[in-house]
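Read through the structure below, which is laid out as structure tokens, and then see the notes.
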There are 2 protein chains.
Amino acid sequence: MLLRRWARALNERTVRVRVPTVYDVAEKAGVSIATVSRVYRSPEAVRERTRERVVEAARALGYVPSGSARGLASRTTGVLGLCFPDHADPAVEEGYREGEGPDEDDAAATLYSDQVIRGMERAARRHGYALLIAASLEDGPQSLVAQVAGRVDGFAVLARTVPTEDLELIGRRLPIVMLAGPRERDHFDHIEVANEDGLRELTRHLVTGHGLTRLAFVGGEPGSPDAEARFRGYRRACREAGLPVPAEPDARGDMTLAEGSRAADALLDRAAAAGTAPPQAMLFANDQMAVGALHALERRGIRVPEDIAVTGFDGIPLGRAVRPSLTTVRQPMRRLGEEAVELLVRRLAEPDLEPRSLMLPVRTAHRGSCGCA
Amino acid sequence: MLLRRWARALNERTVRVRVPTVYDVAEKAGVSIATVSRVYRSPEAVRERTRERVVEAARALGYVPSGSARGLASRTTGVLGLCFPDHADPAVEEGYREGEGPDEDDAAATLYSDQVIRGMERAARRHGYALLIAASLEDGPQSLVAQVAGRVDGFAVLARTVPTEDLELIGRRLPIVMLAGPRERDHFDHIEVANEDGLRELTRHLVTGHGLTRLAFVGGEPGSPDAEARFRGYRRACREAGLPVPAEPDARGDMTLAEGSRAADALLDRAAAAGTAPPQAMLFANDQMAVGALHALERRGIRVPEDIAVTGFDGIPLGRAVRPSLTTVRQPMRRLGEEAVELLVRRLAEPDLEPRSLMLPVRTAHRGSCGCA
DNA sequence: ATGAAAGCGCTAACAC
DNA sequence: GTGTTAGCGCTTTCAT
């Protein structure tokens, strides 16, 4: 270690602002670097007087342990990660900004991922972990996953964020838990929300609670697993209520406000053209579309809920702010994050456990747009 | 490096799941570790054929570069950090849950820090950084700051999260930007929000816009810099309007819903006891208290805004959801996060720049509770 | 209870 | 364009 010391001394003269290391602290405290390390890792293993000397030396020098060096030496980081999608849909953001300036920095603009982040952060903290978050970007050797995966002890991935192929590779290296969306890989831990149950219950509420029978369901694009699951719940409720069971949604949209408006208009126009009565309720696969529909209906002078009931799915803040407030199914997003951490921590402790798949329950929120408020 | 190889080989037989390293990839691709490294750091410096071989070997092995090792060797992490306070006030969370079940996982429960996080994440991503977040916990040698500081290239700290003494130490090691709150240390970059201007403008609106003259201001606890700045803005507006300028807030509260209710009651009781007319408007130092006041007033059968106007500060989502909706001053929280990243990136590039202090403008939101909706 | 020394997996000069 | 090699700052046996 002579060489090392020499290099350090040289360094001292060369570099502008020396970052203190264990060596500096050890020297100043008159102990070995091992002892300095112990003071931080297992203080009780060091005699009190010694420990004090070290702590004082560290303070005096402004020493902060290097996370990278620790991580490298100990093969753990004390950090959990979350990869979430970059909101591909600009209208999602716009939607929240209703009636406010265009460049508004609006506290109401809470996104799905915000809640998941908060949940994970909370739970991670309880377990002594910090949280590293990153939204998906481009790929390449420098991809998002690589950046995150290399710096954490385990991480969660929101559905459709990362190519499964990449996950497959990385999953061999550290624990991954998949959040929301169907269980694509049965060897990963996985958490989803009860999409089907939620829409089933909501539909049942409209039928038995409000006596509505002419319903219409507006689904997402065919590829969306969440929207499909919700549609299944709708069908199931229809069947159970003895109503006609549609093979396909009455309309589809890309989950945005604009498409919600369009779908509502289309449904109404279609009924008018066919000379049939319009639906008594429109159930949308998500809140954004439902709010869009609210706008469209208002434009047409159709009253909600008097003339028609409208429902969404998710429980976004905007749904509370609109009038009438939106009846919806609320997803436990924060809990999703919390459970993700629990699963990761569990697996870190016992890597050989069977992969688990959780289904989180949802809750319907009966508000104004179905006639409940 | 013989020893190294030998250790590896041994390792291979011992450890259950070998994590591939540059050495493995290099061997498989028939190149040196330096070349493997180059493929990831500067692909253009490697001949195409070689690069392909390496990439393929990496994929086959499931190789992911270790962030720790990289960080150690290169002395940079590609990560920025944020330390924010753990919401010491439980009522803050409760407040959002009005009218919902107690264990509700509510999307409306957006906190101040959520928006800052989102802003930072966005901006960080634009600059190629990931974001490490951690809420304050206890101290000790293993404190929050240490955990974060050791793993990032620079970080932001929300006011009153970390002892300034610690920051002082760490500030010598890497860039720190202080967010919200007064500028305590003039050698750190710093961003605050125009608290004073905001309340001045809001007060002026009540006076000139609505013709109110009997105002009451409810401040925070004496130690809160934000609340004090807001009070200064109130006083200034009073002075400019030729109204009496109070030396102290008419009441104080700890920024919670409950205290807002209490303060409103106290103000009204006091006026009744003194036989004087109640105020025409109550201005609160934050939204939570204002919403609490709304509840108290409703209980007393006092109409808002007909009998009395109520205003808050912050722009929390709850303020939109209550009836009447709350007139307030909205803080650009997301922008706070974005600007923090810009400052950090700037300083990383040029460490010797003068410390900067930004003041972000706020915007008043005239809604129902002042009589505007 | 403390010290000595061997790496952890990568980057960055520097050679070739 | 590619290989060699010396660390980066810490943790961790293994001695003492």
Side-chain angles (χ1 to χ4, degrees), chain A residues 1-11 14-15 18-27 29-54 58 61 63-78 146 150-151 173, chain B residues 1-8 10-11 15 18-27 29-51 53-54 58 61 63-78 146 149-151 173:
Chain A
M1 291 300 87
L2 235 56
L3 202 71
R4 181 160 244 153
R5 284 198 183 282
W6 170 79
R8 300 212 135 264
L10 179 68
N11 202 11
T14 320
V15 171
R18 282 275 342 270
V19 172
T21 73
V22 269
Y23 289 93
D24 304 306
V25 177
E27 187 173 339
V31 298
S32 75
I33 61 164
T35 299
V36 175
S37 179
R38 284 193 192 99
V39 168
Y40 286 86
R41 298 226 60 70
S42 40
E44 69 286 355
V46 179
R47 194 198 307 158
E48 171 143 4
R49 253 195 54 63
T50 317
R51 195 193 320 152
E52 280 168 2
R53 284 218 316 281
V54 171
L61 294 169
Y63 169 73
V64 178
S66 151
S68 296
R70 274 197 167 166
L72 181 53
S74 67
R75 298 143 159 290
T76 66
T77 64
R151 325 199 138 275
R173 200 190 205 287
Chain B
M1 291 302 84
L2 235 58
L3 201 71
R4 180 160 245 154
R5 286 198 181 280
W6 170 78
R8 298 210 139 266
L10 179 69
N11 203 11
V15 172
R18 280 273 346 268
V19 172
T21 71
V22 270
Y23 289 92
D24 303 306
V25 177
E27 187 173 339
V31 299
S32 76
I33 61 165
T35 298
V36 176
S37 178
R38 284 192 193 99
V39 167
Y40 287 85
R41 298 223 62 70
S42 40
E44 70 287 353
V46 179
R47 195 198 307 157
E48 170 140 7
R49 257 193 54 64
T50 318
R51 196 191 322 154
R53 285 218 315 281
V54 171
L61 294 169
Y63 169 74
V64 177
S66 152
S68 296
R70 274 197 166 166
L72 183 53
S74 68
R75 297 145 160 290
T76 65
T77 64
R151 324 199 139 276
R173 202 188 202 288

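Convention: sequence-line order gives letters A, B, ...; per-chain numbering from 1.
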At under 4.0 Å between heavy atoms, what does [X] touch on the DNA or RNA strands: base, sugar-phosphate, or nothing?
X	answer
A/Ser37	base
A/Val36	nothing
B/Thr50	sugar-phosphate

Could you tell me whether the side chain of [Y] reaches within less than 4.5 Å of the side chain of [X], counting heavy atoms only?
X	Y	value
A/Arg41	A/Pro65	no
A/Val46	A/Val54	no
B/Ser68	A/Thr77	yes

Partner set under side-chain contact (heavy atoms from CB on, under 4.5 Å) for A/Val22, not counting sequence neighbours: A/Ile33, A/Val36, A/Tyr63
[N] phosphate, OP1 or OP2: any side-chain N/O from [X] under 4.0 angstrom?
X	N	answer
A/Arg41	D/dT11	yes
A/Tyr23	D/dC8	no
B/Arg70	C/dG9	no
A/Arg75	C/dG7	no

Quick check for you: among [options], whose closest atom lies nearest to any side-chain atom of [X]?
X	options	value
A/Ala34	C/dA12, C/dG3, D/dG1	C/dG3
B/Thr35	D/dT2, D/dC10, C/dT2	D/dT2
B/Leu72	C/dG3, D/dC8, D/dT11	D/dC8
A/Ser66	D/dC10, D/dT11, C/dC10	D/dC10
B/Ser32	D/dC10, C/dG3, D/dG3	D/dG3
A/Val46	C/dT2, D/dG7, D/dC10	C/dT2

Check nucleotides 14-16 of chain D for protein N or O atoms closer than 3.5 Å to its own N or O atoms and list the pairs.
none

[atom1] of [X] versus [atom2] of [N]: gap in Å, rounded?
X	N	atom1	atom2	value
A/Tyr40	D/dC10	OH	P	9 Å
B/Ile33	C/dA15	CD1	C1'	15 Å
B/Arg53	D/dG3	CZ	C1'	13 Å
A/Glu44	C/dT2	CD	P	13 Å
A/Asp24	D/dG9	CG	C1'	10 Å

Separation between CZ (B/Arg70) and CG (B/Leu72), nearest 0.5 Å, reads 13.0 Å
CZ of A/Arg51 to CD of A/Glu44: how many Å apart, nearest 0.5 Å? 8.0 Å
Which atoms form the tightest heavy-atom contact between A/Ser32 and A/Ala26, and what is the distance? C-CB, 3.7 Å
Sole residue of A/Arg173, A/Arg151, A/Arg75 in side chain to side chain contact (heavy atoms under 4.5 Å, CB included) with B/Ser66: A/Arg173
Which residue, B/Ala73 or B/Arg51, contacts DNA chain D at a nucleotide closer to its 5' end, judged by nearest heavy atom? B/Arg51
